[in-house]
Amino acid sequence: MLVPGIILVFIFSYIPLYGLVIAFQDYNPSLGFSSPWVGLEHFRYIFNQPAFIQTIWNTLYISFFKLLGGVIVPVIVALLLNELISEKIKRVFQTLVYIPNFLSWVIMAGVLMEILSKNGAVNQLLGMIGMDPVNFLGSSKIFPWTMIVTDIWKGFGFGTVVYLAALSGIDPGLYESAVMDGAKRWKQTVYITLPLLMPTIILMLVLSLGGVLSAGFDQIFNLYSPVVYETGDIIDTYVYRLGIQQAQYSVGTAVGLLNQLFPAS
């Protein structure tokens, strides 16, 4: 039963590894893998590019806050939903926060462009309370945080469901004992709920670490523009522009190889 899966993994995951030799060649499509070898020339080239160093910082910066918010926000929302007495209302809210997780970034990008534009719903709301319009997608300073917040908003529903399932497994007798000892809801949360949730939180955090150097190509590619390259360009979008748009196949492969050399990626 494992043979078909092993064959597919070998074909699509291992055989393509041979293409990494492009990073060490002056690749010409007409010559294929017979292109002349240049050794580490492309690696020296990319490390001399200020834009590449900036993309590494952008990737780590955006990934870190996405990771942090992706752990904290679902825990808070799960704790709040768990306090609701009505199971019907709880299920409704649980469904509402989970829906964005099913939408692709192509769809979400169209929605966000509409509501975050200068004449969008968010800026109209800010205008109603006397604030100036904010250029969420065109400001280098604001763009990274727009990516962080929208990514957390899209994905926190999944984590919320996981933590709600973990909360349902906590023994109610622990809370009853705490009430008898005079503990209020806050102390019950701090001394019972959070410690018992910690194994699940750590598990979700460890699973999220695998994408620490992948700050969300789909999201950023669909939302960024040359105006915000300085702070919004990440390694994956940098590789795309070099390798696909500018046809610098060898340089793009070299950047992609460096990205994959990091254990967390």
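Predicted, not measured: the structure shown is a model, and the values here were computed from it. Index from 1, following the sequence.
Considering only residues two or more places apart in sequence or on other chains, Y98 meets the ring-ring contact (aromatic ring centres under 6.0 Å, His included) condition with F102. Under the side-chain hydrogen bond (donor to acceptor under 3.5 Å, both in side chains) criterion, E83 pairs with R185, sequence neighbours left out. In this structure F10 satisfies the ring-ring contact (aromatic ring centres under 6.0 Å, His included) test with no other residue, sequence neighbours excluded. With sequence neighbours excluded, the residues that form a side-chain contact (heavy atoms from CB on, under 4.5 Å) with L196 are I170, L174, I192. Residues that satisfy the ring-ring contact (aromatic ring centres under 6.0 Å, His included) test with F12, not counting sequence neighbours, are absent from this structure. With sequence neighbours excluded, no residue forms a ring-ring contact (aromatic ring centres under 6.0 Å, His included) with W153.
Note: L60 CG to I234 CD1 = 11.0 Å, rounded to the nearest 0.5 Å. Note that CG of D151 is 5.0 Å distant from CD of Q219, once rounded to the nearest 0.5 Å. The structure places CG of L67 at 11.5 Å from CD1 of I148, a figure rounded to the nearest 0.5 Å. Atoms CD1 and OG, on I220 and S225 in that order, are 12.0 Å from each other to the nearest 0.5 Å. Within the model, atoms CG of L205 and CE of M198 stand 10.5 Å from one another, a figure rounded to the nearest 0.5 Å. Distance CD/Q94 to CG/L84: 10.5 Å, rounded to 0.5 Å.
S208 approaches M204 most closely through the heavy-atom pair OG-O, 2.8 Å. The two residues I235 and V255 make their nearest non-hydrogen contact at CG2-CG1, 4.0 Å. Closest approach of S35 and D26 over heavy atoms only: CB-O, 3.4 Å. Among all heavy-atom pairs drawn from I152 and K66, the shortest one is CG1-O, 4.3 Å. Listed here is the closest heavy atom pair of V97 and P100: O-CD, 3.6 Å. Taking each heavy atom of T189 and P195 in turn, the nearest pair found is O-CD, 4.2 Å.
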Problem set entry | Derivation of the side chain to side chain contact (heavy atoms under 4.5 Å, CB included) call for F136 and N123 | CA-CA 9 Å; F136 292 99; N123 275 317; 4.0 Å; yes
For this session: Go through the steps for Q188 and T193 under the test side-chain hydrogen bond (donor to acceptor under 3.5 Å, both in side chains), then give the verdict.
Result: CA-CA 7 Å; Q188 292 176 36; T193 307; over 6 Å; no
Exercise. Passes side-chain hydrogen bond (donor to acceptor under 3.5 Å, both in side chains), Y229 versus T55? Steps please.
Worked result: CA-CA 9 Å; Y229 279 174; T55 59; over 6 Å; no
Problem set entry | side chain to side chain contact (heavy atoms under 4.5 Å, CB included) evaluation trace for M108 with T150 | CA-CA 9 Å; M108 292 297 296; T150 54; over 6 Å; no
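Counting only heavy atoms from C-beta outward, the side chains of L80 and F93 never approach each other to under 4.5 Å.
A donor-acceptor pair under 3.5 Å is absent between the side-chain atoms of T253 and the main chain of I22, judged by distance alone. N28 places a side-chain N or O within donor-acceptor distance of the main-chain N or O of S30, the cut-off being under 3.5 Å.
Following chains of ILVMFWY side-chain contacts shorter than 4.5 Å, one can reach L17 starting from W37, so the two form part of one hydrophobic cluster. When hydrophobic clusters are built by joining Ile, Leu, Val, Met, Phe, Trp and Tyr residues whose side-chain heavy atoms come closer than 4.5 Å, directly or via intermediates, Y240 is grouped together with W105. Put simply, V77 and L96 are part of two different groups of oily side chains (I, L, V, M, F, W, Y) that touch within less than 4.5 Å, one to the next. Under a hydrophobic clustering in which Ile, Leu, Val, Met, Phe, Trp and Tyr are joined whenever their side-chain heavy atoms come within less than 4.5 Å, directly or via other members, V179 and L194 fall into different clusters. Using a 4.5 Å cut-off between side-chain heavy atoms of Ile, Leu, Val, Met, Phe, Trp and Tyr, with links allowed through other members, I89 and I76 fall into the same hydrophobic cluster.
A 6.0 Å sphere centred on CG of L125 holds more than 12 heavy atoms belonging to other residues, nucleotides or ligands. L2 CG: 12 or fewer foreign heavy atoms inside a 6.0 Å radius. For CH2 of W57, the number of neighbouring non-hydrogen atoms (other residues, nucleotides, ligands) closer than 6.0 Å is 12 at most.
Between I142 and the choices V134, N135, V228, L137, the side chain to side chain contact (heavy atoms under 4.5 Å, CB included) rule is met once, by V134.
Remark: the N119 side chain and the S117 side chain contain no N/O donor-acceptor pair separated by less than 3.5 Å. Using modelled atom types and a 3.5 Å distance limit, the side chains of Y61 and T231 yield no donor-acceptor pair.
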Listing, residues 42-49 side-chain donor-acceptor contacts under 3.5 Å, not counting sequence neighbours, or none:
from, atom 1, to, atom 2, distance (Å)
H42, NE2, Q25, O, 2.7
R44, NH2, E41, OE1, 3.1
N48, ND2, R44, O, 3.0

Run the side-chain donor-acceptor check on residues 154-169: report pairs under 3.5 Å with partners two or more places apart or on a different chain.
from, atom 1, to, atom 2, distance (Å)
K154, NZ, L103, O, 2.9
T160, OG1, F156, O, 2.8
S168, OG, A165, O, 2.6

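Legend: salt bridge (Lys or Arg N to Asp or Glu O under 4.0 Å) pairs involving residues 118-145, not counting sequence neighbours: none detected. Among residue pairs with one or both ends in residues 215-235, those qualifying as salt bridge (Lys or Arg N to Asp or Glu O under 4.0 Å) are D233-R241; sequence neighbours excluded.
Between F33 and Y18, the ring planes lie perpendicular to each other; the angle is over 60°, past the 30° to 60° tilted range. The aromatic rings of Y249 and Y27 stand perpendicular to each other, their planes meeting at an angle above 60°, with 30° marking the opposite boundary. Using the six-membered ring where Trp is involved, Y224 and F221 have ring planes that are tilted, between 30° and 60° apart.
Side-chain contacts under 4.5 Å among hydrophobic residues (ILVMFWY), followed directly or transitively, place L31 with no other residue at all. Applying the under-4.5 Å side-chain rule to Ile, Leu, Val, Met, Phe, Trp and Tyr, the cluster around Y191 extends to W186, V190.
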